[in-house]
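Here's the structure we're looking at; comments come further down.
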Amino acid sequence: MKIERPRGTRDFLPDEMERRRAIEAVMRRIAESYGYREIATPTFEHLELFTIKSGEGIIEEMYAFKDKGGRDLALRPELTAPVVRLFVNECSVMPKPLRFYYFANCFRYERPQKGRYREFWQFGVELIGSSSYLADAEVITLAYRIMEELKLDFELHIGHVGLLRHLLRDVEEEKAAIVMRLIDKKDVEGLIKHLEEIKAPQDLSEAILSLIELSGGRDVLKDASELTGFDIGHMEKLCDVLDSMGVEYTIDLGIARGLDYYTGVVFEAYAEGLGAQNQICGGGSYRLAHLFGGEDVPSTGFALGFDRIVEICKLTPEEKTVVVVANVGLENEAFKLADLLRRHGICAITDVMERSLKRQLSFANDVNARFAVIIGKKEIESGRYTVKDMASGESLQLEFDSLLEYLSSNIKYKKS
RNA sequence: GCCCGGAUGGGGUAGAGGUUAUCCUCUGGGACUGUGGAUCCCAGGAGCCGGGUUCGAAUCCCGGUCCGGGCCCCA
């Protein structure tokens, strides 16, 4: 019986991997240009890391298990909590701010559908140590530049959960969390019902319902301020920076985020063409470190839904140039020549099927080789290799140095 | 966890309760041991799994698995 892939997982063939790597390279390049450096955390962690403050929704959707020592573990469902744990464990005395980025697979036990898999990849950054509007500005700009560079058709929404939390300051934490959850779901009916159930004062309910409707240009901030009495200076300054950087956005005070740990500015980006799963980026500022035994350090970050972005990104990687070294009864010589070419940065393929020259050239054609170098008795005797341009069909006789120069000048090097 | 629709060689498909399951593509070899893309020949390879109905099931029924879409949820 054939063994199938587990549900919600995927295999990636070379063409797709090249696309994925090209997109990943753009993300890395831009993050690194902002001074962010890569980190990695374990694929599994103690279950507790994710249950402390990630919200109740997360628990049912995790790949959780007991190891042979009876420990409760879970495959990471996201990376913010692991990164903060790493920070608390290893980096709490490093000079702040810290700029980290990651690219890693995550796991969630959910019903797969378009743009949603049980194993998926996230690219994200965390800027640890600052609560300034400048931290929000940097992180949002970084996310924006990546999506822009990838030529995505997206819409960026920015909000601030501080306003909602301010309104809900006298409501019990558990009840407030449910309110936030309903707002995140955009379930207004459910929200009204819940507000009635918890006997929220009339003016509070009205303020919440009006606030989450506020969406548009930055002028809605003033309305929000009047509505909540919350100081929106942070948001105003953030908008000033973003405007000056040419970052386009919509202020949306109905963003609540599914995770319970966000405390300040929050943002999301949506794209077309993904069906129900249209969110490609989510982030904001949060305070998590104190929950994992560290100091109370403010942080800001975001995660990009890598697989969703791959699905809609039209970027195509440059094709790698391949040279086939074909031989006529001189396999050994072909191996040696190919080896030399490779040392000079050329991708060279030799026959390993013991095929005829004809078949070797046919294979060169199949793999889209740009050139075929032929090596046989004649070439060894004359000291000149035959090079065939597979597109034109023409061939030349060249000594090794000129061959190298000829190939190099016609080959597009793959940027990495 | 729920709802809808699917599943036939590696990929794309045809058929439909009854001999050896159709075609295209593909893969390996050959015609053709110093020159690829064309053509021809040979070979290879399939009805998701399990149960039921039936003399007989790839086909009908049930359950499961996986895929696509949606709900829920979304970190």
Side-chain angles (χ1 to χ4, degrees), chain A residues 1-11 13 49-63 74-84 104 106-118 120-122 124 181-182 184-187 190 256-262 266 268 270 274-284 286 288 301-305 308 324 326-330 351 353-381 385-395 397:
Chain A
M1 199 185 113
K2 239 197 312 189
I3 298 185
E4 307 287 347
R5 259 177 290 133
R7 186 183 174 100
T9 62
R10 291 155 298 159
D11 295 316
L13 296 178
L49 177 66
F50 302 112
T51 53
I52 287 181
K53 192 64 179 171
S54 293
E56 52 186 284
I58 201 164
I59 299 166
E60 280 303 298
E61 293 164 2
M62 266 193 291
Y63 272 94
L75 299 182
R76 57 178 170 227
E78 52 114 9
L79 278 143
T80 300
V83 170
V84 174
C106 301
F107 306 84
R108 282 182 214 168
Y109 195 90
E110 291 179 290
R111 176 73 169 84
Q113 53 182 265
K114 189 178 177 69
R116 188 163 76 184
Y117 307 96
R118 287 184 171 182
F120 59 98
W121 275 258
Q122 285 195 339
R181 184 158 295 274
L182 290 166
D184 183 46
K185 284 200 294 193
K186 311 247 178 279
D187 180 1
R257 304 287 298 144
L259 285 175
D260 291 345
Y261 51 65
Y262 289 100
V266 288
E268 298 180 341
Y270 318 98
L274 283 165
Q277 314 302 323
N278 66 342
Q279 194 184 321
I280 56 169
C281 175
Y286 56 87
L288 264 182
F302 68 78
L304 294 165
R308 293 177 185 176
V324 163
N327 76 87
V328 187
L330 291 171
D351 170 58
M353 301 272 283
E354 304 188 34
R355 288 202 266 227
S356 65
L357 177 62
K358 189 183 186 70
R359 291 285 183 195
Q360 291 180 57
L361 288 172
S362 174
F363 182 73
N365 200 56
D366 289 340
V367 297
N368 244 317
R370 176 85 178 74
F371 298 102
V373 177
I374 299 168
I375 176 161
K377 220 166 152 193
K378 273 194 304 198
E379 284 76 13
I380 295 298
E381 278 166 9
Y385 299 99
T386 302
V387 193
K388 177 169 179 139
D389 184 317
M390 294 299 287
S392 68
E394 283 162 22
S395 53
Q397 267 74 42

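Per chain, numbering begins at 1; letters A, B, ... match sequence-line order.
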Rounding to the closest angstrom, what is the interatomic distance between [N] and [M] at atom [atom1]?
| N | M | atom1 | result |
| --- | --- | --- | --- |
| U25(B) | A58(B) | P | 28 Å |
| G28(B) | G45(B) | C1' | 12 Å |
| C24(B) | C42(B) | P | 13 Å |
| G52(B) | A16(B) | P | 28 Å |
| C61(B) | G6(B) | P | 11 Å |
| C62(B) | C72(B) | P | 28 Å |
| G34(B) | G15(B) | P | 48 Å |
| C3(B) | U59(B) | C1' | 26 Å |

Report the base-pairing partner of [N] (Watson-Crick or G-U wobble, both distances below 3.5 angstrom), or none.
| N | result |
| --- | --- |
| G47(B) | none |
| U39(B) | A31(B) |
| C60(B) | G52(B) |
| U19(B) | none |
| A7(B) | U65(B) |
| G1(B) | C71(B) |

Q: Return no unless some side-chain N or O of Arg355(A) is found under 4.0 Å from OP1 or OP2 of G29(B).
A: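 So the side-chain polar atoms of Arg355(A) do come within 4.0 Å of the phosphate oxygens OP1 or OP2 of G29(B), strictly under.
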Q.
Is there a side-chain contact between Lys358(A) and the phosphate of G36(B), meaning an N or O under 4.0 Å from OP1 or OP2?
A.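 So the side-chain polar atoms of Lys358(A) do come within 4.0 Å of the phosphate oxygens OP1 or OP2 of G36(B), strictly under.
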Atom pair distance, as rounded to whole Å: [atom1] in [X] and [atom2] in [N]:
| X | N | atom1 | atom2 | answer |
| --- | --- | --- | --- | --- |
| Leu357(A) | G30(B) | CG | P | 13 Å |
| Met353(A) | U33(B) | CE | P | 17 Å |
| Glu61(A) | C72(B) | CD | P | 13 Å |
| Leu361(A) | G37(B) | CG | P | 9 Å |
| Ile374(A) | U33(B) | CD1 | P | 16 Å |
| Met62(A) | G1(B) | CE | P | 17 Å |
| Asp184(A) | C72(B) | CG | C1' | 13 Å |
| Gln397(A) | G34(B) | CD | C1' | 11 Å |

(Q) On a heavy-atom basis, which atom in Phe363(A) and which in Arg355(A) lie closest, and how many Å separate them? (A)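 For Phe363(A) and Arg355(A), the tightest heavy-atom pair comes out as CD1-NH2, 3.6 Å.
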Q. Starting at the 5' end of RNA chain B, which residue's closest nucleotide do you reach first, Glu110(A) or Met390(A)?
A.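 Its nearest nucleotide being more 5', the pick is Met390(A).
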Q) On RNA chain B, nearest-nucleotide positions of Gln279(A) versus Arg116(A): which is more 5'? A)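 Nearest-nucleotide comparison on RNA chain B picks Arg116(A).
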**Q.** Heavy-atom side-chain contact between Gln279(A) and Arg308(A) under 4.5 Å
**A.**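 In short, these two side chains touch, coming nearer than 4.5 Å.
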**Q.** Beyond-backbone contact of Thr51(A) with Met62(A), side-chain heavy atoms, under 4.5 angstrom
**A.**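 Yes, at least one pair of side-chain atoms sits under 4.5 Å.
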**Q.** CA sep, side-chain torsions, deciding dist, call: Phe371(A), Val324(A), side-chain contact (heavy atoms from CB on, under 4.5 Å)
**A.** CA-CA 6 Å; Phe371(A) 298 102; Val324(A) 163; over 6 Å; no
At under 4.0 Å between heavy atoms, what does [X] touch on the DNA or RNA strands: base, sugar-phosphate, or nothing?
| X | result |
| --- | --- |
| Gly393(A) | base |
| Ser362(A) | sugar-phosphate |
| Thr386(A) | base |
| Glu354(A) | nothing |

Q | Arg118(A) charged N/C atom sitting above Tyr109(A) aromatic ring, 6.0 Å / 45° | A |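 Output yes; distance and angle both within limits.
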Q: Indicate syn or anti for G47(B), taking the glycosidic torsion and treating anything within 90° of 0 as syn.
A: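 In terms of base orientation relative to the sugar, G47(B) is syn.
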Q) Roughly how far, to the nearest 0.5 Å, is CG of Asp389(A) from CZ of Arg370(A)? A)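 It is 4.5 Å, given to the nearest 0.5 Å.
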Q | Distance (rounded to the nearest 0.5 Å) between Phe50(A) CZ and Arg76(A) CZ | A |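 That separation rounds to 8.0 Å.
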Q: Begin from the C-alpha positions of Val387(A) and Gln397(A) and carry the test side-chain contact (heavy atoms from CB on, under 4.5 Å) through to its verdict.
A: CA-CA 6 Å; Val387(A) 193; Gln397(A) 267 74 42; over 6 Å; no
Q. Is a donor-acceptor contact shorter than 3.5 angstrom present between the side chain of Gln360(A) and the base of G34(B)?
A.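 Side chain to base: no pair below 3.5 Å.
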Q: Kindly determine whether Ile380(A) and Ile375(A) satisfy side-chain contact (heavy atoms from CB on, under 4.5 Å), including the steps that lead there.
A: CA-CA 7 Å; Ile380(A) 295 298; Ile375(A) 176 161; 4.2 Å; yes
Could you list all N or O pairs between the protein and nucleotides 65-69 of chain B that sit under 3.5 Å apart?
residue	atom	partner	partner atom	Å
C66(B)	OP2	Arg7(A)	NH1	3.1
C67(B)	OP1	Gly8(A)	N	2.8
G68(B)	O6	Arg111(A)	NH2	3.0
G69(B)	OP2	Lys114(A)	N	2.6
G69(B)	O6	Arg111(A)	NH2	2.7

**Q.** side-chain contact (heavy atoms from CB on, under 4.5 Å) assessment of Val328(A) paired with Lys377(A)
**A.** CA-CA 7 Å; Val328(A) 187; Lys377(A) 220 166 152 193; over 6 Å; no
